[in-house]
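Shown next, in structure tokens, is the structure this report addresses.
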Amino acid sequence: MTEPRDIDPAGDPEQEPETSTDTETIETADNAETADNADDAEGPRRRARREREQRREAQARATAIEEARREAKRRAMGTTATERVTLSRGAVRGLKALLWTAGIAVLVVGLGLLLYFTPIMSARNIAVVGLGALTEQEVVEVAAVVPGTPLLQINTDHVAERVAEIRRVASVRVQREYPSTLRITVVERVPVVIRDYPDGVHQFDKDGVDFATGPPPPGVPYLETETPGPQDPATQAALQVMTSLRPEVAAQVGRVTAPSVASITLTLVDRRTIVWGTTDRTEEKALKLAALLTQPGQVYDVSSPDLPTVK
């Protein structure tokens, strides 16, 4: 006989979920089993592929890291090498320049010693130029240069000083002309005025230097002053007038009288007289006198160049 079951109305909903859960659990288990079975079938290939991909990725990262490291090293080594090359080239150039300088210095010193102590370039010829009244023998004797002396051993200043002691010499220049010539260039004094003395006629140049005694040169006027000489103001004034005259006028002057700087008178060889006065406006007076002498007369007064007169 079958016993009746009590059915709890609230229990039906609870039983349905249990049945559903159990069913889901069974299905999940079945799926897991199926997945496990699938993994068992396909897992080695997937794992191998995944491992290969991982190895490739790892190798690519390692390669990239190694390349980056090598590139950084190359850059560092490249900069250092460039600096070394730059420094090395600069050092080599500096060393070459130093060696060339030292070599040239040694060569110059050696050549100088050779020329100084040996007769390779010696004074075998002494050339004197610019002579007028002086003779070459007079200059060579005063120069006192021993023939055959090396040119570098000759003190040209000392030689010039000795030659300048000759009264007739106004200036002198001494030069070495290699390989074997010593050149002495002389500028002689030129007489501008002359003056009588008991021992003869003395010649004075444009500076008032009494440099020679002898027969009076033609065309040179006599000077009449109290104390002729380079320090005498009257002498200097008379010489200033003479050097300002035009050559054709100066050649006509026979005597210059200068008792003072304010009363200078010129006497021409034809006995005409020129009243000059002071040395003021000398160039202007000389210009007016050249034109004034073309007029007949005996006394030509240019002391006032604004009003020159002829008498």
Side-chain angles (χ1 to χ4, degrees), residues 108 111-240 242-244 247 250-251 253 256 258:
V108 170
L111 182 62
L113 293 175
L114 182 66
L115 297 178
Y116 189 85
F117 290 105
T118 64
I120 295 177
M121 292 186 179
S122 59
R124 292 188 289 272
N125 179 36
I126 300 178
V128 183
V129 297
L131 296 177
L134 290 172
T135 64
E136 182 175 348
Q137 184 178 357
E138 289 178 292
V139 176
V140 170
E141 288 179 357
V142 174
V145 176
V146 179
T149 303
L151 289 175
L152 288 178
Q153 293 187 20
I154 298 174
N155 191 318
T156 56
D157 292 336
H158 291 174
V159 175
E161 290 174 1
R162 290 194 291 268
V163 175
E165 292 177 357
I166 301 175
R167 291 172 60 194
R168 191 176 286 274
V169 173
S171 64
V172 59
R173 183 182 182 186
V174 180
Q175 299 170 281
R176 303 183 188 93
E177 291 187 352
Y178 296 98
S180 59
T181 300
L182 185 70
R183 177 177 292 271
I184 302 175
T185 304
V186 173
V187 177
E188 294 187 9
R189 299 184 187 276
V190 178
V192 178
V193 293
I194 56 178
R195 180 179 171 86
D196 280 327
Y197 282 93
D199 60 343
V201 176
H202 289 215
Q203 301 177 22
F204 295 82
D205 69 354
K206 62 182 180 60
D207 297 320
V209 176
D210 181 356
F211 66 89
T213 302
V220 179
Y222 281 84
L223 173 68
E224 291 185 3
T225 59
E226 295 258 341
T227 55
Q231 305 302 324
D232 179 43
T235 302
Q236 292 298 320
L239 292 171
Q240 182 180 349
M242 286 300 304
T243 54
S244 69
V253 179
V256 183

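Position 1 is the first residue of the sequence; numbering continues from there.
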**Report entry** side chain to side chain contact (heavy atoms under 4.5 Å, CB included) partner of Val169, chosen from Val139, Leu134, Val187
**Finding:** Leu134
Looking only at non-hydrogen atoms, find the nearest pair between [X] and [Y] and report the distance.
{"X": "Arg195", "Y": "Pro228", "answer": "CD-CG, 3.3 Å"}
{"X": "Ala238", "Y": "Val256", "answer": "CB-CG1, 3.6 Å"}
{"X": "Gly219", "Y": "Pro221", "answer": "O-CD, 3.8 Å"}
{"X": "Gln203", "Y": "Pro215", "answer": "NE2-O, 3.8 Å"}
{"X": "Val193", "Y": "Met242", "answer": "CG1-CG, 4.3 Å"}
{"X": "Pro179", "Y": "Leu151", "answer": "O-CD1, 3.6 Å"}

Query raised in the report: Step by step, would you call Val174 with Ile184 a side chain to side chain contact (heavy atoms under 4.5 Å, CB included)?
Result: CA-CA 5 Å; Val174 180; Ile184 302 175; 4.3 Å; yes
Determine whether [X] and [Y] make a side-chain contact, defined as any pair of heavy atoms from C-beta on separated by less than 4.5 Å.
{"X": "Lys206", "Y": "Leu239", "result": "no"}
{"X": "Thr185", "Y": "Val129", "result": "yes"}
{"X": "Arg162", "Y": "Val159", "result": "yes"}

Quick check for you: to the nearest 0.5 Å, what is the distance between [X] atom [atom1] and [Y] atom [atom2]?
{"X": "Thr156", "Y": "Glu161", "atom1": "OG1", "atom2": "CD", "answer": "10.0 Å"}
{"X": "Thr149", "Y": "Leu152", "atom1": "OG1", "atom2": "CG", "answer": "12.0 Å"}
{"X": "Thr181", "Y": "Arg124", "atom1": "OG1", "atom2": "CZ", "answer": "8.5 Å"}
{"X": "Ile126", "Y": "Glu177", "atom1": "CD1", "atom2": "CD", "answer": "12.5 Å"}
{"X": "Asp210", "Y": "Tyr197", "atom1": "CG", "atom2": "OH", "answer": "6.0 Å"}
{"X": "Ile154", "Y": "Leu182", "atom1": "CD1", "atom2": "CG", "answer": "5.0 Å"}

Query raised in the report: Should we count CZ of Arg173 as having more than 12 external heavy atoms under 6.0 Å?
Result: no
Heavy-atom donor-acceptor pair, [X] side chain to [Y] backbone, under 3.5 Å:
{"X": "Gln236", "Y": "Pro230", "answer": "yes"}
{"X": "Asp207", "Y": "Val209", "answer": "no"}
{"X": "Glu138", "Y": "Thr135", "answer": "yes"}
{"X": "Arg189", "Y": "Arg168", "answer": "no"}

**Report entry** Polar side chain donor-acceptor pair, Gln137 to Glu141, under 3.5 angstrom
**Finding:** yes
